[in-house]
Structure formats: structure tokens, C-alpha cells
Amino acid sequence: MAEAKYRTPKGTHDILPEENRFMTYIKKAVRHRARQAGYQRIDTPLFERREIFERGIGSHTDIVEKELFTVSAKQSDKKEDAFVLRPEFTASICRSYIEHAMDQEPQPVALYSIGPLFRHDRPQKGRFRQFHQFNFEVIGLADASLDAQLIQVVTKIYSDLKILDRLNLQINNVGTSESRQAFIEALKDYFIGKERNLPELDRKRLETNPLRLLDSKEEDTQILLKSAPTLDQFLSDESREYHEALLSYLTEMEIPFVQNTGLVRGLDYYSQTVFEFWDESTGAQNAVGGGGRYDGLIELLGGKPTPGIGFAGGLERTIWHMKEAGVQAPHKDQVDVFVAQLGPEAKRKCLSLISELRDRGVHTIGALGEASLKSQMRHADRFGAKYTLLLGQMEVRDGTIILRDMAAGKQEQLKIKEAIPKILKLIGEKNLDTYTIKDYLGHVDED
Ligand code: HAM
């Protein structure tokens with residue numbers, strides 16, 4: 001095959017049919033668990049004003065400092081015409097909560113989203129420039145039982161997808177913004193006179209975002225941190241009680257967790273609870289998902305002080321785990337019937353036959369080209385069709401058709417009008433794909 005002239009941009013990939021089956025399966029599990037727990041779906045634009053993320057995620061975080069994709073109206077260089085592709089859902093959803101006065105609705109408002117996000121990361125394993133998340137937010141109330149319930153929903157999803165045993169839940173409390181500020185000051189004091197021993201990147205972080213030092217991968221930094229003040233020394237009694245309550249709820253729900261006082265997360269808006277689902281074998285790298293409480297975010301975006309908690313899981317990393325664990329994504333893409341034909345009259349008859357089979361819920365494809373019957377049969381095999389219906393010139397003349405059972409390698413001749421009832425019987429009523437929108441949930445199939 002010739003070398004492709006055009007390829008997907010660096011850090012992006014096509015979601016080919018096989019990958020899409022996993023995506024669909026994950027989305028189904030997410031929607032199912034979201035509905036059970038009263039979450040409603042929200043979709044926000046793929047691009048937003050830059051300030052929303054600057055204020056929310058923080059201007060000195062990696063995401064905002066280095067990873068935003070700018071989108072601008074071609075004819076304009078005015079600042080207000082420049083937007084960025086969304087790097088996450090949370091800030092956008094909080095913007096929407098304020099814009100649509102959702103504080104007037106019964107609280108908390110529970111929302112979920114599934115869709116693509118964009119971060120101009122350095123591409124590597126599990127890290128892409130366009131990736132997908134499923135995301136949950138619970139806004140309007142702060143109670144440790146809400147944190148526990150959100151974690152439980154996520155746990156159930158990973159369990160449904162059969163990868164929960166590959167993951168562990170890391171959890172911490174990062175306190176209020178006041179206690180965090182006091183800790184940051186103490187950390188800065190501790191590093192006075194030690195800056196020269198820090199690698200350059202961490203020296204810069206000490207100035208711009210000292211909390212990021214805590215999850216630095218640099219050995220020198222980690223050694224220095226061993227005798228540095230720790231965040232938990234600065235937690236208020238209230239934060240401690242909140243955390244204890246959350247851990248007791250998790251224990252009650254039999255959700256195992258690892259307390260990790262070093263877990264801070266890479267986004268500035270968090271307060272109190274933070275948590276991540278880590279890969280059992282590789283740890284912090286490539287967490288499949290993470291979240292936490294953001295009680296100050298709505299106010300930062302211009303709303304009234306309103307608490308919130310949320311979580312986002314990466315679809316690509318989830319799929320990776322499913323494949324590693326040998327989990328199959330069930331799908332409905334199988335071909336039931338392949339219709340092969342020869343001659344103009346047969347071709348004409350096949351068109352209505354194919355159409356009727358499809359309407360009756362039979363997945364049907366047909367070779368309507370001029371290929372020989374032999375090569376059409378090869379095609380049927382490659383598509384994995386269960387049955388082939390064969391209509392040649394002779395059959396047209398006799399009003400018959402040949403039905404071949406592909407697995408058994410057996411065939412029989414039928415009257416053409418018997419073909420459809422016979423196929424329906426062979427496939428079985430319950431396997432027919434007769435999709436119609438009905439007004440009860442079992443049959444609504446969102447994308
Ligand atoms: P996050 O930790 O930045 O949190 O992202 C959550 C998950 O998205 C990650 O654990 C990972 O699975 C996936 N992810 C992030 N970046 C990439 C990437 N470049 N390539 C592939 N997958 C990626 C948030 O986004 C927060 N908004 C979560 C949240 C919701 N907090 C409160 N509410």
C-alpha cells in the first residue's frame with residue numbers, strides 16, 4: 001500500500017470502528033450509572049473564553065500556561081474574539097450553572113458530560129492532544145456524603161467495565177484556600193536558602209505554583225521535601241472532620257481507598273477532597289481519572305459562593321485498561337445477511353429484498369456490483385455474514401432464491417417470498433434490530 005500523504009495531526013488519532021465499539025460501550029455504562037444516580041446530561045461548546053480556564057484552572061498551571069489551543073476568528077485580532085478549545089469540562093459547566101441561574105433549581109444540580117477535550121501536551125503513552133472524558137459534577141451543596149456517592153458512582157462504572165481491580169483510589173484533603181495559602185507560605189519559607197538545590201523547573205514552580213513541587217518527579221526535590229512542612233499540618237479541624245466523615249462513608253460503602261497526603265492534583269480550583277484512580281502497576285502516571293471539590297470556583301467565575309464536586313475519567317486510558325484486561329466490548333455491528341446477485345433482473349429484485357430485511361431489523365448488506373458469484377461469496381465470508389441469500393438469473397426465472405448457512409456450509413432453495421420469514425425465524429425475534437424511538441428509557445439510544 002502507498003504511504004499515506006496526509007496523517008492525523010500529532011497527538012490525535014482517528015477513532016476507527018473497533019475503538020468506537022469500546023467508546024460506545026463505555027458511554028452506555030456511564031449513561032446508565034448517571035441516570036440511576038439522577039445526573040442529567042449537559043453539553044457545552046468545544047471552545048470558550050480563555051479567562052474561564054485562566055480563572056478556574058489557574059494561570060500558572062501547566063494546562064493554562066502551556067496546553068491551551070487558541071481559536072480565533074480569522075478576520076479579527078481583537079482579544080475578545082480569541083477563544084480556546086476546552087481543556088476540561090468543569091470550568092465550562094460552572095460557567096453554564098451561573099449563566100442559566102441553575103441556583104434556582106433544587107440543589108444540588110447533578111450533571112454529566114461525555115466528549116472531546118484538547119490539551120497541547122507532549123504526546124506520549126496515554127497522553128493525547130485530543131482525548132475524551134466522561135465527567136460528573138454535583139453543584140450547590142457541600143456534604144461529605146455527596147463526595148462519597150460520587151466516588152461510588154465512578155467505582156461502579158469501573159466495575160461495570162471490569163477494570164476496577166486494576167485500579168486503586170487515592171484520596172486526600174487539601175483544605176480550604178486559606179489553609180492552603182498558609183501552607184504555601186510555610187513551604188516558601190522552608191525553601192529559602194535551598195533554592196539552588198532545586199532543578200530549574202522546580203525553582204520556577206516555587207515562585208509561581210509551589211504546590212506543584214509536591215508531585216515533582218525530580219529526585220532532588222523529593223529529597224528536600226522529606227523534611228519540608230506538609231499540607232496536612234495546616235488543615236483546619238473542620239477539614240479534618242470533613243475528611244474523616246468521607247472516609248467513614250467510603251468504609252461503610254465498602255469502597256477501598258489509599259490515603260495519600262501528597263496528592264494535590266494539577267488544577268488550582270480544588271479545596272477539601274481530591275481523589276484519583278491510579279493504575280495498580282504504574283501509580284501516579286496515567287491516572288485513569290481524577291476529581292475533587294471546588295467550593296470557590298463558581299465565585300471565581302462571577303457567581304455567588306457555591307460549592308461543587310466532580311470527577312472526570314479519560315476514555316482512552318479506560319479503553320487501554322479494558323484491552324489489557326482482555327475485556328471485549330459487546331457491539332451490534334454483526335452482519336446477519338449478505339445478499340449476492342447476478343444479472344440485471346436479480347439486482348433489481350435484490351434492492352427491495354435488502355430494504356425489507358433491513359426494515360424488519362436484519363443487518364443486511366448486498367453486493368450490487370458486477371463481481372462474480374464466487375467473489376461475492378468471498379465477500380460474504382469476510383464480512384462474517386451468518387447467512388447469504390443468492391439470487392441468480394435462473395432463480396429469478398423460477399421465482400426462487402438460495403439460502404446459505406455460512407457456518408454450517410449448507411444451502412437450500414426456497415420460494416423467494418419465503419426468504420424473509422425464514423431468515424427472521426433463523427435469526428430469532430429477540431436478535432432483530434428493530435429500533436424505533438419509544439417513550440420509555442429502555443429504547444432511547446442517545447449518542
Ligand atoms: P484531569 O485530572 O486533568 O481532571 O483529567 C481527568 C482525566 O482525563 C485524567 O485522569 C486522564 O484520564 C484524562 N486526561 C487528561 N489529560 C489527558 C490527555 N492529554 N490525554 C489523555 N487523557 C487525558 C480534570 O479534567 C478535572 N476537570 C476533573 C474534575 C471534574 N474535577 C472536578 N470535576
Side-chain angles (χ1 to χ4, degrees), residues 10-13 15 23 26 30 39 42 44 48 52-53 56-58 61-64 66-69 85-97 108-139 142 146-147 150-151 153-154 157-158 161 163 166-171 174 212 215 263-279 282-298 307-322:
K10 193 171 171 192
T12 69
H13 58 275
I15 308 170
M23 288 260 183
I26 297 171
V30 169
Y39 286 82
I42 182 168
T44 58
E48 295 262 6
I52 290 169
F53 304 111
I57 300 172
T61 55
D62 282 354
I63 299 180
V64 170
K66 304 188 213 143
E67 298 170 5
L68 291 177
F69 278 94
L85 292 179
R86 61 182 187 193
E88 61 135 22
F89 285 109
T90 313
S92 302
I93 291 170
C94 289
R95 191 261 314 128
S96 180
Y97 178 94
V109 174
L111 300 166
Y112 79 100
S113 310
I114 307 173
L117 293 311
F118 307 86
R119 295 184 192 176
H120 198 272
D121 249 339
R122 197 165 55 81
Q124 49 190 293
K125 180 172 168 277
R127 200 164 284 279
F128 308 103
R129 291 185 175 168
Q130 178 173 341
F131 60 98
H132 298 74
Q133 284 181 347
F134 63 90
N135 183 87
F136 293 98
E137 309 293 349
V138 183
I139 309 178
L146 291 174
D147 306 22
L150 169 65
I151 291 173
V153 168
V154 178
I157 291 170
Y158 288 134
L161 299 174
I163 59 167
R166 302 174 57 87
L167 310 175
N168 61 54
L169 168 63
Q170 304 276 322
I171 194 158
V174 291
R212 299 301 302 157
D215 50 23
L263 185 71
V264 284
R265 310 252 311 123
L267 304 95
D268 281 358
Y269 51 60
Y270 291 115
S271 55
Q272 309 287 20
T273 308
V274 291
F275 61 100
E276 276 180 356
F277 283 86
W278 284 8
D279 178 339
T282 58
Q285 234 185 346
N286 293 344
V288 288
R293 188 155 272 296
Y294 46 85
D295 293 346
L297 178 55
I298 299 227
I309 183 161
F311 169 84
L315 261 59
E316 286 76 6
R317 293 185 193 176
T318 304
I319 292 173
W320 183 85
H321 274 285
M322 290 170 73

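By convention here, the first residue in the shown sequence is residue 1. Because only heavy atoms are used, hydrogens play no part in the values below, and waters and symmetry mates are left out as well, while side chains stay in. Both ligands and their constituent atoms are indexed starting at 1 by order of listing.
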| task | Taking only Lys NZ, Arg NE, NH1 and NH2, and the carboxylate oxygens of Asp or Glu, determine whether D279 and R166 approach each other closer than 4.0 Å. | result | no
| Once you round to the nearest 0.5 Å, how far does CG of L150 lie from OH of Y39? | 4.5 Å
| task | Examine F118 together with F131 and report whether their ring centres are nearer than 6.0 Å. | result | no
| said: For K125, I'd like to know if atom NZ has over 12 heavy atoms of other residues, nucleotides or ligands within 6.0 Å. | reply: yes
| task | Using a strict cut-off of less than 4.0 Å between a Lys/Arg side-chain nitrogen and an Asp/Glu carboxylate oxygen, indicate whether R119 and D121 qualify as a salt bridge. | result | no
| task | Using a strict cut-off of under 4.0 Å between a residue heavy atom and any atom of ligand 1, list the qualifying protein residues by chain and number. | result | E88, T90, R119, D121, G126, R127, F128, F131, Q133, N135, E137, R265, L267, Y269, Y270, A287, V288, G289, G290, G291, G292, Y294, G310, F311, A312, G314, R317
| field | Residue that, paired with Y294, satisfies side-chain contact (heavy atoms from CB on, under 4.5 Å) out of V274, I139, L267 | value | I139
